[in-house]
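Okay, structure first, notes after.
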Protein chains: 2
Amino acid sequence: MTKVVILGTGNVARHLFNALREPDHLNVIQVVGRNKKALSYFNRWSDTTSDFNLICEADIYIIAIADDAIHSIFDTIAIKNKFVVHTSGSVAIDALPRIHRRGVFYPLQTFSENREINFKNMPICIEAENKEDLKILHQLAASISDMVFEVSSEQRKSLHLAAVFVNNFTNHLYAIGNKICLENKIPFAILEPLIQETSRKIKTISPYEAQTGPAQRFDKGTIEKHITLLKNKKHRDIYSLLSQSIQEIYTKEREKS
Amino acid sequence: MTKVVILGTGNVARHLFNALREPDHLNVIQVVGRNKKALSYFNRWSDTTSDFNLICEADIYIIAIADDAIHSIFDTIAIKNKFVVHTSGSVAIDALPRIHRRGVFYPLQTFSENREINFKNMPICIEAENKEDLKILHQLAASISDMVFEVSSEQRKSLHLAAVFVNNFTNHLYAIGNKICLENKIPFAILEPLIQETSRKIKTISPYEAQTGPAQRFDKGTIEKHITLLKNKKHRDIYSLLSQSIQEIYTKEREKS
């Protein structure tokens, strides 16, 4: 039986807690956090405490708190020489104090409070300082997910950056699409199936092959008409820049043909 | 029984043909196109011809050819005073000759050769010059799709523009994510579940509510680190510009709090 303590009470902590309390060989023995109201969510299934001096003995301590609080939490918690992992995409393993065996357990997904998340298909990126700890993390991750990847701190930095492009920035393009629809009294729902198909496509073909549109086919006339239609200066700049960036990829191919 | 003739043999023509030949009250009596090899696909189920003088009598003629060929096709086809519709997102209804009853039948989706498309959930945007023709188009569209929208030529221009953002540009962000993964020896598959969840999210919450990430939380440190990591100049510009554009939305909210 692997005993787990979770530090943190936010979205990631909640989702992780719900996933980790399922397997029989895992036992989330305690959830620790300052926010008593948030702690009450976990009360039904686990011991909880807001007193950082009352942390239980466990095999793994999972820190699921805001990135910039990870460092300072160690000033307050009374544990020593433990196996401690954080869950952040953008924080290196050595942000954790050397006194502990250190690791990272980073579930790569966008967590929202009221959305059920299927952990089975959620990539978990793990990192540890030695083989034994990596094995422990691998077992922990594999017991809740079918997608476990070893990712170094260096790689994780880039992975987090790539995630900003495909998640945060993509969502902003949806927001721009939404705004254009609103301004023209078009229901945004018209675009919804296209959005789904665009993301589903890359399950089977690469983004390189999937690329279509005026920029990819060097349709200067349509590009110019589109830019004229845009009311927001930033949106015009985004249209131009993304079109140029697409054309940078397909220029060579065009020169060949 | 509504008799339909399709002009064109490309992706849109094929998908439309397969959808329209299903309902009992529709009859695609002919497919017309120059490319004999492409025509052979339709031979099994319908009459075909590459001779533009041999076009049959029909209730509706659907033009599914490249945007810039729509105008010139009327120099060669021997029909007069018919109900003629095109299928383009970016061409106005009056690009069709006045001699015909004119309309638009625009399926808003990204068509790939080897992907099955479910028309039931595909928005079809229709436009006609009078109520009777609009009714005909409505019936035609509703017989293959549950999402039929009346959209004017003016609105369609903006809709097409919005589609470029949520489809073409989003796919390019996937391509950038893919490139970052490749450069750092990370399998792109790690990002795939995040991509799916990002698009699924907006079925239930607006892009405004769904926005997360360093730009949305004004995390200057992470933004700067990310830009330094990017090797491609255009990608650095895209990161900056999209971050600024996101912050333009959330600045007001931030000032209030």
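By convention in this document, chain letters (A, B, ...) are assigned in the order of the sequence lines, proteins followed by strands, and residues within each chain are numbered from 1.
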Does the side chain to side chain contact (heavy atoms under 4.5 Å, CB included) test come out yes or no for B:Met122 and A:Glu197, once each step is laid out?
CA-CA 10 Å; B:Met122 182 187 307; A:Glu197 176 63 12; over 6 Å; no
Residues A:Leu191, B:Leu159; criterion side chain to side chain contact (heavy atoms under 4.5 Å, CB included); working and verdict:
CA-CA 8 Å; A:Leu191 288 175; B:Leu159 183 57; 4.0 Å; yes
Could you go through A:Thr170 and B:Phe169, starting from their C-alpha distance and side-chain angles, then the distance that decides it, and tell me whether this counts as side chain to side chain contact (heavy atoms under 4.5 Å, CB included)?
CA-CA 8 Å; A:Thr170 289; B:Phe169 290 165; over 6 Å; no
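Counting only N and O atoms by type, the side chains of A:Asn171 and B:Thr198 include no donor and acceptor under 3.5 Å apart. A donor atom on one side chain and an acceptor atom on the other are not found under 3.5 Å apart for B:Gln155 and A:Asn184. In this model, a donor atom of one side chain and an acceptor atom of the other lie less than 3.5 Å apart for B:Asn168 and A:Thr212.
For chain A, the nearby part of B:Phe149 is the side chain; its heavy atoms alone come within less than 4.5 Å. Only the backbone of B:Asn121 has a heavy atom closer than 4.5 Å to any heavy atom of chain A. With a threshold of 4.5 angstrom between heavy atoms, A:Pro214 approaches chain B through its backbone and through its side chain. Only the side chain of B:Thr222 comes within less than 4.5 Å of a heavy atom in chain A; its backbone stays farther off. Of the two parts of B:Lys157, the backbone and the side chain both hold a non-hydrogen atom closer than 4.5 Å to a non-hydrogen atom of chain A. For A:Ile124, no part lies under 4.5 angstrom from a heavy atom of chain B. Residue B:Ser243 touches chain A through both its backbone and its side chain, counting heavy-atom pairs closer than 4.5 Å. Looking at B:Val166, the atoms closer than 4.5 Å to chain A (heavy atoms on both sides) sit in the backbone and in the side chain alike.
A distance of 5.5 Å separates CD1 of A:Ile186 from OG of B:Ser158, quoted to the nearest 0.5 Å.
Residues passing the salt bridge (charged side-chain N to carboxylate O under 4.0 Å, His left out) test with A:Arg34: none are found, sequence neighbours excluded.
Proximity to chain B among residues 225-235 of chain A is limited to A:His226, A:Leu229, A:Leu230, A:Asn232, A:Lys234, A:His235, judged by heavy-atom separations below 4.5 angstrom.
Smallest separation of non-hydrogen atoms from B:Tyr239 and A:Leu161: CE1-CD1, 3.6 Å. Between B:Val151 and A:Ile190, the shortest heavy-atom contact is CG2-CD1, 4.1 Å.
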